Number of protein chains: 2
Amino acid sequence: MDRIDRKYRILQAIIDDYILTALPVGSRTISRKYEQKLSSATIRNEMSDLEELGYLDSPHTSAGRVPSYKAYRLYVDQMLTPAPLSVEETAFINRCFERRIHQVEDLSTRIARSLSSLTHYTTAVMTRAPRSEQILSHLQMVPVSDRRVLLIVVTQGGSVRQTILELDAPIAPDELYTVSRFLSNQLEGCTLSELPAMLARLGGTQAQVDAVIRAMESKPEEEHSDVAALVVGGRSNLLSFPEYSDVDKAKALLSVLETKEKMVSLLSHDGEMEFSVRIGPETGMEETRGCSVVTASYRLSDGRVNTIGLIGPTRMQYGKVLLVLGQVGRSLTRLLDEQNGQR
Amino acid sequence: MDRIDRKYRILQAIIDDYILTALPVGSRTISRKYEQKLSSATIRNEMSDLEELGYLDSPHTSAGRVPSYKAYRLYVDQMLTPAPLSVEETAFINRCFERRIHQVEDLSTRIARSLSSLTHYTTAVMTRAPRSEQILSHLQMVPVSDRRVLLIVVTQGGSVRQTILELDAPIAPDELYTVSRFLSNQLEGCTLSELPAMLARLGGTQAQVDAVIRAMESKPEEEHSDVAALVVGGRSNLLSFPEYSDVDKAKALLSVLETKEKMVSLLSHDGEMEFSVRIGPETGMEETRGCSVVTASYRLSDGRVNTIGLIGPTRMQYGKVLLVLGQVGRSLTRLLDEQNGQR
DNA sequence: GATTAGCACTCAACCTTGACGAGTGCTAAC
DNA sequence: GTTAGCACTCGTCAAGGTTGAGTGCTAATC
């Protein structure tokens with residue numbers, strides 16, 4: 001099986017080189033840089049086979065070959081060379097998690113920023129809070145005007161959501177305080193999806209409580225209730241890649257980055273996988289043909305799911321990207337668990 | 001003064017045309033499209049004068065002329081033709097403010113989005129909350145772990161900030177509840193900048209209160225405490241302009257949009273002006289040479305300052321942009337005042 | 001005196017052409 | 001099975017020519 005082995009070694013060399021240069025790679029390049037024992041003619045024969053097998057495309061006669069999606073798939077699944085991160089890179093990542101996190105939303109921003117400056121790709125950090133699993137830890141109402149109330153819902157893990165409620169009748173600040181303490185005690189520990197049922201059971205106890213409950217029930221489900229936060233960083237990195245020197249392509253991609261729905265669908269994994277690599281057409285979106293999306297997801301102890309994703313051209317440095325994502329993911333879960341853990 | 005009048009009419013025509021086409025405009029174009037009474041030769045003479053006066057630049061011989069920054073300045077200050085917004089546009093703007101605002105931060109996002117789809121420029125919405133003027137309306141602490149507490153500060157107007165405090169000693173949830181009610185009552189109505197002084201005066205009343213106060217004092221000032229939120233929309237619009245078909249320029253500009261500090265300095269007015277138009281070098285930033293920034297600022301009743309800004313090439317549709325900004329600004333202040341007003 | 005027509009001149013944009021080089025496929029020799 | 005050699009393809013680049021839009025100047029006209 002030395003035969004087959006060599007074929008794939010050559011394919012790997014081609015992919016490696018193309019990832020580095022973004023230029024179609026020719027037989028001579030491989031012969032000189034990667035397989036010095038073999039002449040370019042031999043490589044040529046092998047490349048011809050590889051093209052037949054569907055791993056290589058030729059943009060036209062005499063322009064070298066370019067890896068196909070199938071090749072990248074194989075590369076990611078079986079050929080990744082796990083060259084470890086440099087000391088500087090590891091240090092850089094650790095430094096991001098050193099400082100204390102005071103503002104909750106700052107963390108995502110900081111991760112997005114450092115990931116994109118580390119990898120030179122575009123980064124998205126999404127925190128998804130499935131309604132059904134979020135456990136209410138505290139609830140508080142604050143008067144804004146005489147019929148308007150700011151409802152603050154804190155879930156286990158310390159994430160905060162706020163909504164404005166409209167009451168039928170005015171309510172005095174002090175009463176509101178009592179009501180909100182009552183409700184908070186009653187509802188603590190139930191999941192957000194149980195809320196409507198719980199509220200219904202509480203009904204009829206007290207006029208003020210009733211009023212608040214009515215307001216909470218009338219509150220329309222927010223469309224994006226599922227997605228707590230989406231932060232995108234390193235957009236300008238996109239324009240460094242020669243594949244986006246075509247302004248129209250770049251524009252289409254930028255526009256995807258601006259559409260929350262599209263980003264959510266790009267970043268969402270199926271199943272429980274930690275990592276997901278989607279290559280070119282596997283992203284399932286016309287605008288991202290030619291892109292790859294690598295994501296890592298972590299389930300936090302409060303039920304929220306954190307997804308970190310990188311978007312770049314298909315000739316992505318998959319090895320490095322996966323290592324970096326793994327490292328960041330580990331640090332992140334450690335940090336968050338440490339923060340919630342000793343509860 | 002018919003002489004001078006005609007000169008400026010021609011200048012205006014040149015600017016109008018250049019804003020529309022982004023192409024250097026020649027004497028013939030003006031003669032045909034704008035001043036049919038005059039021959040191209042006459043226009044040529046006038047244009048030669050205008051160049052001498054510093055209002056026009058010629059990229060090279062025989063390429064038509066391009067307005068200088070000085071010309072845009074004059075144009076904005078004195079030549080704006082206030083063609084009113086179309087019915088569709090007004091309706092579009094109004095529609096953005098129709099729906100109820102439940103999520104507070106959604107409003108900025110929605111404004112940014114609609115402004116950029118209306119004008120095709122890039123939009124930034126910044127809410128600046130000067131510490132000194134924000135009045136505390138409510139304070140609430142929620143246990144996260146046994147020594148960690150989520151401090152929620154609500155200011156008048158309904159904006160919410162949260163910070164995690166680290167306590168020296170554990171505190172029971174019920175005690176925390178009492179302490180936070182006590183503090184909330186004590187501190188209500190004072191401005192955020194008065195907080196340290198107020199806290200100092202309260203010291204020594206009670207062991208638990210003391211502990212909380214110590215934690216609040218140790219909380220480092222967040223660097224961006226001044227800027228509550230910055231939302232940018234319509235980035236992809238940038239790439240539609242021929243001036244950014246040069247990828248490097250586009251990249252530099254995108255990168256400015258990603259740097260919070262730079263955006264804050266771009267969006268900050270001096271003084272109390274409602275509108276500000278900064279043209280090319282007036283933006284005071286190397287990367288935005290060739291751009292104009294138009295901003296509108298509104299002081300909200302709770303002391304926060306809301307700034308809406310548009311960024312685009314210097315040949316911006318100033319007239320339209322100012323009208324749109326005005327309209328949006330008016331709707332926005334009305335909405336916000338309505339929301340806080342009847343307190 | 002202001003306006004216009006005419007003309008020479010300039011210069012970017014565009015197209016064509018030809019040389020160059022990188023790459024392939026095939027064949028024959030090792 | 002591997003390699004050397006050769007003919008062929010095709011994109012890239014630079015050089016040269018053409019075109020067209022635009023200017024400045026001058027002389028004629030209103």
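Here is how names work: the chains are called A, B, and so on, in the same order as the sequence lines, proteins then strands, and each is numbered from 1. The structure presented is a predicted model; accordingly, all values stated were derived computationally and were not measured.
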**Student:** Find the distance A:Lys7:NZ to D:dG1:P and express it as a whole number of Å.
**Tutor:**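 Distance, rounded to whole Å: 11 Å.
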**Student:** From the options D:dT23, C:dT3, D:dG22, select the nucleotide whose nearest atom is closest to the side chain of B:Thr42.
**Tutor:**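 Selected nucleotide: C:dT3.
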**Student:** Classify the side chain of B:Arg44 versus the base of C:dG6 as yes if they form a donor-acceptor pair under 3.5 Å and no if they do not.
**Tutor:**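 Side chain to base: pair found, below 3.5 Å.
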**Student:** Hey, does the side chain of B:Thr61 come within less than 4.0 Å of C:dC11's phosphate (OP1/OP2), counting only N and O?
**Tutor:** yes
**Student:** Hey, which sits more toward the 5' end of DNA chain D by its nearest nucleotide, B:Ala63 or B:Ala41?
**Tutor:**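 That would be B:Ala63.
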**Student:** For B:Arg289, I'd like to know if atom CZ has over 12 heavy atoms of other residues, nucleotides or ligands within 6.0 Å.
**Tutor:** no
**Student:** Checking contacts here: which listed nucleotide (D:dG24, C:dT4, C:dC11) is nearest the side-chain heavy atoms of B:Glu51?
**Tutor:** D:dG24
**Student:** As a test of reading the structure: which of D:dC10, D:dA21, D:dT3 is closest to the side chain of A:His60, going by heavy atoms?
**Tutor:**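 Nucleotide nearest to A:His60's side chain: D:dC10.
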**Student:** Is the phosphate of D:dA4 approached by A:Arg28 (side-chain N or O, under 4.0 Å from OP1 or OP2)?
**Tutor:** no
**Student:** Tell me whether the OP1 or OP2 atom of C:dT24 has a side-chain N or O from A:Arg65 closer than 4.0 Å.
**Tutor:** yes
**Student:** Measuring from the side chain of B:Ser27 (C-beta onward, heavy atoms only), which nucleotide among C:dT3, C:dT10, D:dT23 has the closest atom?
**Tutor:** D:dT23
**Student:** What do the steps show when you test B:Ser236 against A:Glu258 for side-chain hydrogen bond (donor to acceptor under 3.5 Å, both in side chains), and what is the final call?
**Tutor:** CA-CA 8 Å; B:Ser236 57; A:Glu258 291 188 320; 3.2 Å; yes
**Student:** Counting just side-chain N and O atoms, does A:Thr29 come under 4.0 Å of either OP1 or OP2 of C:dA22?
**Tutor:** no
**Student:** So which one's nearest nucleotide on DNA chain C is more toward 5', A:Val25 or B:Lys37?
**Tutor:**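 Result: B:Lys37.
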**Student:** Show your reasoning for whether side-chain hydrogen bond (donor to acceptor under 3.5 Å, both in side chains) applies to B:Thr314 and B:Ser292.
**Tutor:** CA-CA 5 Å; B:Thr314 34; B:Ser292 283; 5.3 Å; no
**Student:** Taking the six-membered ring of B:Tyr55, is NZ or CZ of B:Lys70 closer than 6.0 Å to its centre and within 45° of its axis?
**Tutor:**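 Yes.
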**Student:** Considering only heavy atoms and no angle criterion, is a donor-acceptor pair shorter than 3.5 Å present between the side chain of A:Ser39 and the base of D:dT3?
**Tutor:** no
